[in-house]
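To start, the structure itself, in structure tokens.
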Amino acid sequence: RDLGFGYATIGALSAIAATAGALSQSVAGAASDAVRRRTPFVLCASVLLGCLYLVYPNVRSVYTFAALHAAAGLLSYTALTAAASLVLDLAPASETSRSFASARVWGSIGYVAAMVSIVVWPELLAPPRMFYAGAAFYFAAGLAVLVARESGAFIQKRRVSMRAGLFLLRQRRVVVLLSFCFLYWVALQGSFSLVALYVKHLGGGRAMMASAWIVAATIEMPFMLWLARLSDKSGRRPVLLVAAAALPLRLAAYAFAVEPWHVLPAQALHGVTFGIMVVAPMAYMNDIVPGKLRASGQGLVNACLAASSAIGPLLAGILGDIVGLRGAFLGLCVFAVAAAFVLLLLVPESRLRVSEDV
């Protein structure tokens with residue numbers, strides 16, 4: 001914005017990053033399965049992201065920003081796909097969700113730490129300092145994965161085709177899971193893009209905006225761990241049904257807020273919406289794909305997430321311009337309800353399988 005880019009241009013750059021992530025993950029996951037390794041993908045993607053952040057302070061052209069954003073989207077989603085696959089490789093078969101949630105919760109801790117740091121030290125967001133800080137943390141994240149061990153069982157598996165993603169897309173359960181996730185995440189990601197604007201619209205300041213996300217990220221952590229254990233014990237579908245029921249309620253709560261602090265109770269539902277959806281779909285996909293195609297499956301989930309991250313905010317912005325912010329939240333409810341119907345009618349339980357496919 002300081003360089004004179006308009007809001008539409010900034011939104012387009014974010015969409016470019018998400019689209020690049022969506023288009024690349026079926027290939028990235030298949031590549032990880034083909035070479036039978038995870039840590040090199042996490043390390044290389046993280047280090048390259050750090051290098052990109054060192055370049056950003058010197059960039060002025062919107063076209064160069066677009067190229068950097070496309071690379072950043074590809075690299076960030078590749079790191080997430082490989083890291084998720086690494087955790088699932090190492091997880092006991094009976095504790096898939098719990099293991100993944102135990103690792104993923106540190107992302108929430110990092111998010112809260114970042115928000116608190118910004119509140120305590122607002123200058124951290126000033127360029128170029130924020131780019132240098134981002135680069136340092138990406139480098140550290142990449143190096144941290146070097147202490148992780150690859151699964152010995154995974155390394156011994158035979159090579160697989162780079163067309164593994166296309167093979168999985170011919171499986172009915174994979175398609176219906178991704179359909180549910182896409183509709184759900186369009187509604188969820190679209191609402192995320194409106195929350196800060198909505199707090200401001202209701203008369204709240206930056207402190208209330210930060211508080212809204214601190215509440216959400218803090219409450220998601222215990223729910224993520226508890227519901228992950230429940231998922232391993234009772235199945236994936238029951239916790240997904242909780243998430244499907246909670247999202248329309250959350251969106252309606254936003255729509256009927258009249259004071260800035262009214263947004264906080266809606267943010268408290270983050271635990272049973274985002275807290276479930278960041279773990280359960282990954283575990284569900286892990287249940288239904290062969291072990292040798294684990295990263296290919298996770299790549300499809302992350303591709304779906306990236307696509308919805310591009311479409312959801314764009315759709316929310318269009319709705320906001322046409323019917324206002326309250327109407328936009330209600331419009332996103334349509335996608336949330338459609339996701340619930342897909343889950344209820346088409347997505348079966350995945351925990352019937354007790355032994356891993358090989």
Side-chain angles (χ1 to χ4, degrees), residues 1 5-29 45 48-49 52-53 56 59 62-84 107 111 134 165-166 169 174-175 177-198 213 243 247 250-251 254 270 273-274 277-278 281-282 285 296-323 325 328-329 331-336 338-339 342:
R1 184 63 176 172
F5 296 169
Y7 290 122
T9 300
I10 294 170
L13 290 172
S14 296
I16 286 171
T19 301
L23 294 177
S24 62
Q25 287 319 286
S26 60
V27 175
L48 289 173
L49 274 168
L52 285 183
Y53 266 57
Y56 267 111
V59 174
V62 67
Y63 299 107
T64 308
F65 263 91
L68 290 177
H69 269 55
L74 184 157
L75 294 169
S76 60
Y77 279 98
T78 296
L80 292 173
T81 293
Y111 185 86
L166 296 176
L169 287 174
V174 171
V175 173
L177 172 67
L178 295 177
S179 299
F180 161 70
C181 289
F182 177 76
L183 291 167
Y184 193 101
W185 279 330
V186 163
L188 193 62
Q189 296 292 334
S191 70
F192 287 171
S193 69
L194 297 179
V195 169
L197 292 172
Y198 196 49
W213 286 112
L247 184 56
R250 182 177 183 178
L251 296 173
Y254 287 133
H270 200 69
T273 52
F274 181 82
M277 289 299 292
V278 80
M282 313 300 186
M285 181 66 80
S296 299
Q298 296 306 311
L300 290 176
V301 174
N302 276 323
C304 182
L305 173 59
S308 61
S309 297
I311 294 172
L314 175 62
L315 176 64
I318 293 172
L319 288 172
D321 285 339
I322 297 174
V323 297
L325 295 181
F329 285 117
L332 292 172
C333 265
V334 175
F335 290 85
V342 170

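The residues of the chain are indexed from 1 along the displayed sequence.
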Which heavy-atom pair separates G21 from S24 by the least distance, and what is that distance?
O-OG, 3.2 Å

How many angstroms lie between atom CD1 of I311 and atom OG1 of T19, to the nearest 0.5 angstrom?
7.5 Å

Are any side-chain N or O atoms of Y198 and backbone N or O atoms of Y254, one a donor and one an acceptor, separated by less than 3.5 Å?
yes

Gap separating the CG atom of L314 from the OG atom of S14, nearest 0.5 angstrom:
11.0 Å

d(L251 CG, L188 CG) to nearest 0.5 Å is 8.0 Å

Return the CG to OG1 distance between N302 and T81, rounded to the nearest 0.5 Å.
3.5 Å

Testing the basics here: between Y56 and H69, what is the closest heavy-atom pair and its distance to 0.1 Å?
OH-ND1, 2.9 Å

What's the shortest heavy-atom distance between M285 and V301, and which atoms?
CE-CG2, 3.7 Å

Evaluate side-chain contact (heavy atoms from CB on, under 4.5 Å) for L178 paired with L169, printing each intermediate quantity in order.
CA-CA 9 Å; L178 295 177; L169 287 174; 3.8 Å; yes

Check: Y184 side chain, A243 main-chain N or O, donor-acceptor pair, under 3.5 Å:
yes

CG (L68) and OG1 (T64) are apart, to the nearest 0.5 Å, by 7.0 Å

Looking at L300 and S26, what are the two nearest heavy atoms and their distance?
CD2-CB, 4.1 Å

Counting distance only, does the side-chain N/O of Q298 pair as donor-acceptor with the main-chain N or O of G29 below 3.5 Å?
no

Distance col, row S76:OG vs L48:CG, nearest 0.5 angstrom, shows 12.0 Å

Examine F192 together with W213 and report whether their ring centres are nearer than 6.0 Å.
yes

Heavy-atom closest pair (P281 atom, L177 atom, distance to 0.1 Å) is O-CD2, 4.0 Å

Side chains of L80 and Q25 in contact at under 4.5 Å (non-hydrogen atoms)
no

For residues L315 and F335, determine if any side-chain heavy atom of one lies less than 4.5 Å from a side-chain heavy atom of the other.
yes

Minimum heavy-atom distance Q189-L305, with the two atoms named
NE2-CD1, 3.7 Å

Does the side chain of F329 reach to within under 4.5 Å of the side chain of S191, using non-hydrogen atoms?
yes

